[in-house]
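Note on naming: letters A, B, ... go to the chains in the order of the sequence lines (proteins, then strands), and numbering restarts at 1 for each one.
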Amino acid sequence: MLKIYNTLTRSKQEFIPKQPGKVGMYVCGMTVYDYCHIGHARVMVVFDTVARYLRHSGYQLTYVRNITDIDDKIIQRANESGEAFTALTERFIEAMHEDERALSVLPPDIEPKATQSIADIVSMISTLIEREFAYVGSNGDVFYAVNRFDGYGKLSGKNIDDLQAGERVDVDTAKRDPLDFVLWKMAKPGEPYWDSPWGQGRPGWHIECSAMSTCCLGNHFDIHGGGMDLQFPHHENEIAQSEGATGEPFVNYWMHNGFVRVNEEKMSKSLGNFFTVREVLKQYRPEVIRFFILSSHYRSPLNYSDEQLDAAETALTRLYMALRGVEIAETLVDLVYKQRFEEAMDDDFNTPIAISVLFDLTKELNKSKGNADRLQVLAATLKELAAILGILQEDVEVFLKGGTTVVGYFEAVMPMPQLSINIEQLIQDRTNAKKNKDWTTADKIRDDLKQRGVILEDAPNGVTTWRKG
RNA sequence: GGCUGCGUAGCAAAAUGGUUAUGCAGCGGCCUGCAAAGCCGUAUAUACCGGUUCGAUUCCGGUCGCAGCCUCCA
């Protein structure tokens, strides 16, 4: 039985989909004005894993993740680079998809764009005005009237009085209340715009998600996810908009992932302490990043550091080492390990425990190297369970030799070590030296290679293999 | 200031009202020409102070420290 921590109730709850066997999930995606950083990667990987596990559990899932392709920062960046905003967003959407593919993130079923959802957005705003949840301000912008919505604050645990007391932004005189937020923003000269009953303008950020999620999944759906920072105001506003417009409950389970931190501080664009996915891929293979992300629980903070990435690579190496030389033909899986794995994942997607099950399995696998039947079952189980996490699917030899079979833009920056050294020749030289019991020469070759990041291992049958150190 | 959440061994990271987490690193051993990998064994922990309890790291209260939100942000 799957349990999900619901931000709305601040507790783990049994997951009961609206319609038996079917799940609708919406996740707030990226605003595409720059490259994705590791924090964005976490959202993509976490909810990809949630999606994979829901499907593994037999649910028919519709996974929607939007793209915000119009907003102030996009306009600003496009002006800076002197290109059309659509050209800018197209570039970064493509870059985002490259990052996704690298990280083995499966594409969502639907990826709506704000600019392609204008009609739905306009329609929802009109409804909100009709129902008196929204009004046209003195500057022509359309605002949501927060105090008209009784449940405002129910997700973030804030209340309107506290918010007003803590108000510290300049009061926008066009609004009736400082807490009101914009639904439709009038275009300034030279800005992109769409026609609407209130004039030429563009949608506010919050209304996009309400319109796109409702459009793709209906008025009321199962899971809505996103980063912790979106809890307030973004998700709070979504609830106010959607429930205000439809009069129905909006979302049953709210899931929020924790931040990636750098030196105990949130990784973010504004702090400037971020590492883009493509930067990190120059140093670490994509699967290492994915493993690093999944090695802590999705709601915990995740501290980014080279030491952590190194540790992830070492841990992953242990799993691959267990599979080295094992031909996996068997499709039978060990039900005990499978059950333990599923129990971990059923407990609010506890990937650290799920991974620990993989290590326990690996230990038994290593002990079963002499028992071909058992070995087959365990290896097949390891690979199948790991696939649910999106890891351990590389070719074993390629991974251990420091490469990756994932095709993508980073291939050029991840050369295999053998490109620069003739490892096979050196191994042959060493084998010859060993035959002559010339241990000095043999050991020197091994030490030299180790210095260059290549570890040699002699198997009992006399065959020497190598891997990246 | 208001509201969330967190503080676990050398590092990372789970869990739990009483029983080995797991990975890396350490120590001892087996294996090996020597290694590496693997296996076996082993050490180190629950911020601090109170309370509830037969028993608390786990529940409650307080103290200290940290992070996040209250402004665009995954």
(request) Please confirm whether A:Phe221 and A:Phe250 have ring centers closer than 6.0 angstrom. (result) yes
(request) Quote, to the nearest angstrom, the P distance that separates B:rG5 from B:rA15. (result) 16 Å
(request) Give a yes/no answer on whether the side chain of A:Lys266 brings an N or O atom under 4.0 Å of OP1 or OP2 in B:rC69. (result) yes
(request) Would you kindly say whether A:Ser104 and A:Gln393 are connected by a side-chain donor-acceptor distance under 3.5 Å? (result) no
(message) Between A:Lys367 and A:Glu364 (salt bridge meaning N to carboxylate O under 4.0 Å), is one present in this structure?
(response) no
(request) Nearest whole angstrom, please: distance from the P of B:rC66 to the CG of A:Asn263. (result) 15 Å
(message) At 4.0 Å (heavy atoms only), tell me whether A:Arg430 reaches a base, stays on the sugar-phosphate, or touches nothing.
(response) base
(message) Between A:Asp334 and A:Arg374, does any NZ, NE, NH1 or NH2 come within less than 4.0 Å of an OD or OE carboxylate oxygen?
(response) yes
(message) In this structure, is the centre-to-centre distance between the rings of A:Phe181 and A:Phe143 below 6.0 Å?
(response) no
(request) Apply side chain to side chain contact (heavy atoms under 4.5 Å, CB included) to A:Ser11 and list each qualifying residue two or more places apart in sequence or on a separate chain. (result) A:Thr9, A:Gln13
(request) Just call it for A:Arg324: base, sugar-phosphate, or nothing, with non-hydrogen atoms closer than 4.0 Å on any strand. (result) nothing
(message) Checking A:His37 now: which residues fulfil ring pair (Phe, Tyr, Trp, His ring centres under 6.0 Å) with it, not counting sequence neighbours?
(response) A:His40, A:Phe274
(message) With rounding to the closest Å, how many angstrom separate the C1' atoms on B:rC49 and B:rC54?
(response) 23 Å
(message) Output the rounded distance in Å from CG (A:Leu271) to P (B:rA67).
(response) 12 Å
(message) I'd like to check the ring pair (Phe, Tyr, Trp, His ring centres under 6.0 Å) partners of A:Tyr193; sequence neighbours left out, ordered by chain and number.
(response) none
(message) Counting runs of three or more consecutive pairs, Watson-Crick or G-U wobble, with each distance below 3.5 Å, where are the stems of RNA chain B?
(response) B:1-7 with B:64-70, B:10-12 with B:22-24, B:26-30 with B:38-42, B:47-51 with B:59-63
(request) Using salt bridge (Lys or Arg N to Asp or Glu O under 4.0 Å) as the criterion, list what pairs up with A:Arg148, not counting sequence neighbours. (result) none
(request) Could you verify whether a donor N or O on one side chain and an acceptor N or O on the other, from A:Asp348 and A:Tyr298, lie under 3.5 Å apart? (result) yes
(request) Sugar-phosphate atoms are those with a prime plus P, OP1 and OP2; base atoms are the rest. Using that split, label each nucleotide of nucleotides 20-26 of chain B B, S or - for protein heavy atoms under 4.0 Å, 5' to 3'. (result) -BSSS--
(message) Could you work out, with side-chain hydrogen bond (donor to acceptor under 3.5 Å, both in side chains) as the rule, every residue matching A:Lys12, not counting sequence neighbours?
(response) A:Asp347
I'd like a list of close polar pairs between nucleotides 2-7 of chain B and the protein, N/O only, cut-off under 3.5 Å.
residue	atom	partner	partner atom	Å
B:rG2	O2'	A:Asp162	OD2	3.0
B:rG2	N2	A:Lys158	NZ	3.1
B:rC3	O2'	A:Gly157	O	3.2
B:rU4	O2'	A:Arg10	NH1	2.9

(message) With nearest nucleotide decided by heavy atoms, which residue, A:Arg446 or A:His234, maps closer to the 5′ end of RNA chain B?
(response) A:Arg446
(message) Rounding to an integer number of Å, can you tell me how far A:Asp161 CG sits from B:rG1 C1'?
(response) 15 Å
(message) Angle between ring planes, A:Phe85 versus A:Trp194, binned at 30° and 60°: parallel, tilted or perpendicular?
(response) perpendicular
(request) Could you check whether A:Met228 gets within reach of a base, just the sugar-phosphate, or nothing at all, counting any heavy atom under 4.0 Å? (result) nothing
(message) Any base atoms under 4.0 Å from A:Asn366, or only sugar-phosphate, or nothing? Heavy atoms, all strands.
(response) sugar-phosphate
(message) Between A:Arg101 and A:Glu94, does any NZ, NE, NH1 or NH2 come within less than 4.0 Å of an OD or OE carboxylate oxygen?
(response) yes
(request) Can you tell me the distance, in whole Å, between the CG atom of A:Leu400 and the P atom of B:rG38? (result) 11 Å
(message) Under 4.0 Å, heavy atom to any atom of RNA chain B: which of residues 33-51 of chain A qualify?
(response) A:His37, A:Gly39, A:His40, A:Val43
(message) Please report the distance separating the P of B:rA37 from the corresponding atom of B:rU44, rounded so that it comes out in whole Å.
(response) 25 Å
(request) Find the distance A:Leu302:CG to B:rA13:P and express it as a whole number of Å. (result) 7 Å
(message) Applying the 5.5 Å / 30° rule, does A:Trp439 stack onto the base of B:rG33?
(response) yes
(request) Could you measure between the two C1' atoms, the one in B:rA14 and the one in B:rU46, and give it in whole Å? (result) 12 Å
(message) Distance alone, cut at 3.5 Å: any donor-acceptor contact between the side chains of A:Thr276 and A:Glu279?
(response) yes
(request) Examine the side chains of A:Tyr63 and A:Asp48 and answer whether a donor and an acceptor come within less than 3.5 Å of each other. (result) no
(request) In whole angstrom, give me the gap between the C1' atoms of B:rU71 and B:rA13. (result) 33 Å
(request) Would you kindly say whether A:Glu343 and A:Gln339 are connected by a side-chain donor-acceptor distance under 3.5 Å? (result) yes
Could you go over nucleotides 10-12 of chain B and give all protein N or O partners under 3.5 Å, atom names and distances?
residue	atom	partner	partner atom	Å
B:rA12	O3'	A:Gln308	NE2	3.3
B:rA12	O2'	A:Gln308	OE1	3.0

(message) Can you pull out the residues from residues 455-463 of chain A that lie within a 4.0 Å heavy-atom distance of RNA chain B?
(response) A:Ile455, A:Leu456, A:Glu457, A:Asp458
(message) Please report the distance separating the P of B:rC24 from the corresponding atom of B:rC39, rounded so that it comes out in whole Å.
(response) 9 Å
(request) With P as the reference atom in both, quote the distance from B:rA43 to B:rG28 in angstrom, rounded to an integer. (result) 15 Å
(message) Closest-nucleotide mapping onto RNA chain B: is A:Tyr298 or A:His206 further toward the 5' terminus? I mean the 5' end.
(response) A:Tyr298
(request) Assign A:Gly153 to base, sugar-phosphate, or nothing according to its heavy-atom contacts below 4.0 angstrom with the strands shown. (result) nothing
(request) With sequence neighbours excluded, tell me which residues meet side chain to side chain contact (heavy atoms under 4.5 Å, CB included) with A:Glu327. (result) none
(request) Test the A:Arg65-A:Phe47 pair against the cation-pi criterion, namely NZ or CZ under 6.0 angstrom from the six-membered ring centroid and within 45° of the ring axis. (result) no
(request) Write down the distance separating the C1' atoms in B:rG10 and B:rC3, rounded off to the nearest Å. (result) 36 Å
(message) Can you give me the closest heavy-atom contact between A:Asn147 and A:Ile160, atom names plus distance?
(response) CA-CD1, 4.1 Å
(request) Could you tell me whether the side chains of A:Thr115 and A:Asp69 share a donor-acceptor contact shorter than 3.5 Å? (result) yes
(request) Would you classify A:Ser300 as touching base, sugar-phosphate or nothing, given that sugar-phosphate means primed atoms plus P, OP1 and OP2, and contacts are heavy atoms under 4.0 Å? (result) sugar-phosphate
(message) Does either side chain, that of A:Asp161 or that of A:Asn159, offer a donor lying less than 3.5 Å from an acceptor on the other one?
(response) no
